[in-house]
Amino acid sequence: MEERLLKKGTFSKLYTLTAAAALVSSLLLPAAPGTAYADRGVVDLWKAIKPLTTIASAMNTGAHPDDEHSAVLAYLSLGKGVNTFSIIANRGEGGQNEIGSELGNALGIIRTRELQEASKITNVHLENLSEKINDPIFDFGFSKSPDETLAKWGEQVAYERLIRKIRTLRPDVVIPAFLNEPSTHGHHRAINVITVRAFKDAADPTVFPEQLKEGLSPWQVKKLYLPATEKDYTVSVPVGTYDEIYGASYVQLGEESRFMHKSQGMGRMYDEGPGNSYYKLDQSAVPAKEKESDFFDGIAYTFDDLAKEVSGQPGSGEIAAELKKLQKDSDEVIAAYPHFADVAKEVHDMLADVQKTAADVKAAKLSAETKTDLLYRLNVKADQLNKASAEALSLVAKVKPDTGELVAGQTTKVTVSAYNGGHETIANVSLKLNVPKGWQAKALSSASFAQLGYNQTVKTTYEVTVPANAALFEPYAAPSLTADIGYSFAGQATQVHATPSDAVAVLPAFSLALSPSATVLNTLKPQDPVPVKVTVKNYNPGPAQANISLNVPDGWSVEPKAAPLSFSAKGETKSVAFTVKASAAVKPDKYTVTAVATSNGKESRHGAQVIRYPHIGTTYFVQPAQLAIQAFDLKVPEGLKVGYVSSGFDNIDQYLQQLGVNVTNLTAKDIESGDLSQYDTIVLGIRAYGFRPELIPSNARLLKYVENGGNLVVQYHKPEDKWKPELAPYPIKIGEPLIQWRVTDENSKVTMLAPDHPLFNTPNKITAADWNNWIQDRSAYNPAQWGKEYTELISNGDPGENEFTGTFLSAKYGKGTYTYSSLVWYREIPALVPGAIRLFVNMVSLHQ
């Protein structure tokens, strides 16, 4: 993970702040995922004790990872110490990927890990409404409608989960990240709709009453704010304020978090200087003013404020006095800063008072509602004090498994340790390992220690046994192994929670990967063999043997029937080649081939895709080991030679190779000085001009290639991809705002405007049926203007909207052809959409 230290003068651009910034961040990004301390020393200590000064809380709701209002959340969490929540609906599965070729669920895992790391850095409490892989609340791609979004998610499912989050976390202030405006993504609008509705419903006991039976209580949010502008707002948030302790403004700190969203290309550099974000009060349960100095005007913000609220109730005199004592305690903690030992003593004094107050609240004759509220806030404060204690005492707690890759039935060792980096002696240290239900953990030595002095470490190794029926790794679940390190200081007991620095995953004993993972069966040549390579990785803790076979559809054949493999060690990888043949009577349809590894009477039928990037560490996507086969008729010219210029965001080149096309991935040298005339067609991947720096200087060579008789296919670009109208032989201007120049309904009607054009006739005859069964979208970033030389090939639009005619443009240029297409080939072709594949083959076959 890249370290980014914010110092004065490191930000280069002036900024204009609006309400739609993104998530919080900190001074220094951690060098490895899960690092306990994102900053160091006194900065970390300040971050831990600042929340002790307030009992207020705020929640920001968004649809996707990177929707967060980073500057404002940095201001709230880092600047004010407010207990800050980020609630994100889905995992971003439908987005694009700027760091790799992962899409779908694999991309959702990446974006979730990025969001977790971004949130962890600044003490923001993150939760998602989406709970698991293939959850109903998923990112199905761009939507123009909140109604469509909620229908696909299941409106009651999404709303119940949001109400549950609000009732569990009990925020004082709620801020949806976006407005419900027609120009806004339908997912964003949907979150606005249900967040605004939840303001009242979360407090209504008749709404989802089953939650109350589970122990939750209704909760009335005090205020709900919506993003606003400088011309019309209730509260102005000074996110441009420079914080001397962090050495940066809050907008700079917030952007450091956005840099974690690397798969979305987020994060910008900002200069120091004043700036504000604006919000308008939409609903309030407390007296409201036209202009406010702060989100929390009229809301209890400190323990003193809480004492005043409580003091009017019968039997509240002692409780009010104790709350005022907690106010004094928090003031003393802050006054002791930055002296670690003094802070530690004050923190533990305050922790003792919090525990006493909680006990007295339970015994007091207060209303049930007041008790619930006070106990929740005191419990939050106890958790914060536990973290502050570890920081002040420089206690480093770790849990380290011998391996993070486990299999069912395996026994491994896990070490829990505590290191004292402070000069105060810690007493009564206990090291407890937490394992899932059904797992066994046995300490191999004492887990209790009388004391721990400066620069000393205590550790306990546990023997952990994974049950034979253990479930496979779920990337969105809580960590399977954690540790609680208990200790006492100044006569007060406390504990710190620790998690491993990387994922600990139960994986298939034999991980199976099929190559290809998706392919076409040409029904014009039904007996052509389908070569299938199965790569097997041994995750057993030692030598192992397995028989590898393929389950094929009825009537199909496979050779060999099975192949034995022997592995000498964990991590060893071997491959087996199979040949699959369809039945002679195979019909156009979808078919599945599944790989199976059999060993000692047990079967493995899954693969574990390793997802590893420096900024998020290592995690896994476990899924069935299958090959998807789409059978349909397809004509591909013999000897077709294509040069592919990949941007890294699509893998269409791989699918063209499977179809029998001779594909060469062009290097920078090929583009700058190679012989381009050897290629029948050159294809530019999506957004290639933005990510292949040699393209723009070499664009004249590409156009000359066309002029001399070549066929150049250019897939969609955004304006920020350095696209300029003059890059095309005849100008093409991309429409803005981008949100309005796309077709999101994959079932929308398509009219072929030039049905006699070769693209619709050679070598494959394209009919209306070829526009069926597309996925997610039709097109993105459509052109708004183009030269009259282009043939407009199709007309298409979302229902009820004007249709675009610039989605698919082709023109003769010299002896060759230039085609620009905003159709989302990069989604359709990996999904094996027959019509999209036929069209793409036609597009690269022009002049053949």
Side-chain angles (χ1 to χ4, degrees), residues 2 12 96-103 262-269 613-614 640-657 661-734 738 780-781 783 786-787 809-811 813-822 824-826 829 840 843-844 846-847:
E2 180 181 356
S12 59
Q96 300 165 30
N97 185 354
E98 296 198 3
I99 60 174
S101 60
E102 296 93 346
L103 292 174
K262 295 183 187 298
S263 66
Q264 303 302 296
M266 294 294 169
R268 296 175 57 191
M269 307 297 270
Y613 287 95
L640 183 61
K641 190 173 182 181
V642 171
Y644 202 92
V645 183
S646 175
S647 57
F649 300 154
D650 68 66
N651 52 10
I652 290 175
D653 53 322
Q654 299 172 28
Y655 287 90
L656 289 177
Q657 289 173 338
V661 178
N662 181 0
V663 179
T664 300
N665 280 283
L666 301 186
T667 65
K669 185 176 179 181
D670 294 331
I671 295 166
E672 291 167 345
S673 59
D675 177 14
L676 301 181
S677 66
Q678 64 182 296
Y679 302 105
D680 299 306
T681 299
I682 293 176
V683 180
L684 302 191
I686 59 173
R687 308 183 63 192
Y689 281 103
F691 295 87
R692 293 292 295 267
E694 71 276 13
L695 276 180
I696 291 179
S698 301
N699 195 61
R701 293 192 83 235
L702 293 173
L703 295 184
K704 191 66 176 177
Y705 158 81
V706 180
E707 192 175 8
N708 291 338
N711 180 33
L712 183 62
V713 172
V714 180
Q715 298 180 68
Y716 80 71
H717 280 70
K718 297 181 182 181
E720 60 261 36
D721 297 326
K722 303 176 185 176
W723 177 265
K724 296 179 181 178
E726 58 268 27
L727 289 173
Y730 313 109
I732 294 176
K733 182 180 179 182
I734 299 170
L738 300 178
Y781 319 120
W786 51 90
L809 302 170
S810 189
Y813 181 66
K815 298 178 182 178
T817 304
Y818 181 97
T819 301
Y820 186 95
S821 173
S822 298
V824 288
W825 307 108
Y826 80 105
I829 291 177
F840 207 94
M843 198 163 50
V844 299
L846 284 174
H847 310 315

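Source: prediction; values computed, not measured.
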Is there side-chain contact between V844 and Y644, with at least one heavy-atom pair below 4.5 Å? no

Is there a donor-acceptor contact under 3.5 Å from the side chain of S646 to the main chain of G648? yes

Distance check, rounded to the nearest 0.5 Å: L809 atom CG versus Y730 atom OH? 13.0 Å

For the residue pair Y716 and Y781, is the inter-centroid distance of their aromatic rings smaller than 6.0 Å? yes

Side chains of L712 and Y813: closer than 4.5 Å at any heavy-atom pair? no

Side-chain touch F691/F649, heavy atoms, less than 4.5 angstrom: yes

On a heavy-atom basis, which atom in D670 and which in L676 lie closest, and how many Å separate them? O-CD2, 3.6 Å

For D650 and Y655: C-alpha separation, side-chain torsions, deciding distance, then whether side chain to side chain donor-acceptor pair (under 3.5 Å) applies. CA-CA 10 Å; D650 68 66; Y655 287 90; over 6 Å; no

In this structure, CG of L684 is separated from CG of L695 (nearest 0.5 Å) by 6.0 Å

Please report the closest heavy-atom contact between K722 and L727, naming both atoms and the distance. O-CD1, 3.7 Å

Gap separating the CZ atom of F840 from the CD1 atom of I652, nearest 0.5 angstrom: 4.5 Å

Should we count NZ of K724 as having more than 12 external heavy atoms under 6.0 Å? no

For Q678 and D675, indicate whether the former's side chain and the latter's backbone hold a donor-acceptor pair under 3.5 Å. yes

Using only atom types and a distance under 3.5 Å, with no angle test, would you say the side chain of Q264 pairs donor to acceptor with the backbone of Q96? yes

Counting N and O atoms only, with roles assigned by atom type, does the side chain of R701 sit under 3.5 Å from a partner on the main chain of I671, one being a donor and the other an acceptor? yes

Going from CG on L846 to OG on S810, what distance comes out if it is rounded to the nearest 0.5 angstrom? 6.0 Å

Kindly indicate, with the supporting measurements, whether the criterion side-chain contact (heavy atoms from CB on, under 4.5 Å) is fulfilled by V645 and L702. CA-CA 11 Å; V645 183; L702 293 173; 5.9 Å; no

Once rounded to the nearest 0.5 Å, what's the spacing between atom CD1 of I734 and atom NZ of K718? 10.5 Å

Quick one: do Y613 and E102 satisfy side chain to side chain donor-acceptor pair (under 3.5 Å)? Show the steps, please. CA-CA 12 Å; Y613 287 95; E102 296 93 346; 2.8 Å; yes

Does the Y705 side chain pair with the main chain of Y679, one donor and one acceptor, at a distance under 3.5 Å? yes

Is there a donor-acceptor pair under 3.5 Å between the side chain of W723 and the backbone N or O of I732? yes

Using only atom types and a distance under 3.5 Å, with no angle test, would you say the side chain of N699 pairs donor to acceptor with the backbone of I696? no

Applying the side chain to side chain donor-acceptor pair (under 3.5 Å) criterion to R687, which one of E98, Q715, H717 satisfies it? E98

Check whether T681 reaches the backbone of V642 with its side chain - one donor and one acceptor, N or O, closer than 3.5 Å. no

Is any side-chain heavy atom of N711 closer than 4.5 Å to one of D680? no

What's the separation between atom CD in Q654 and atom CG in N665, rounded to the nearest 0.5 Å? 8.5 Å

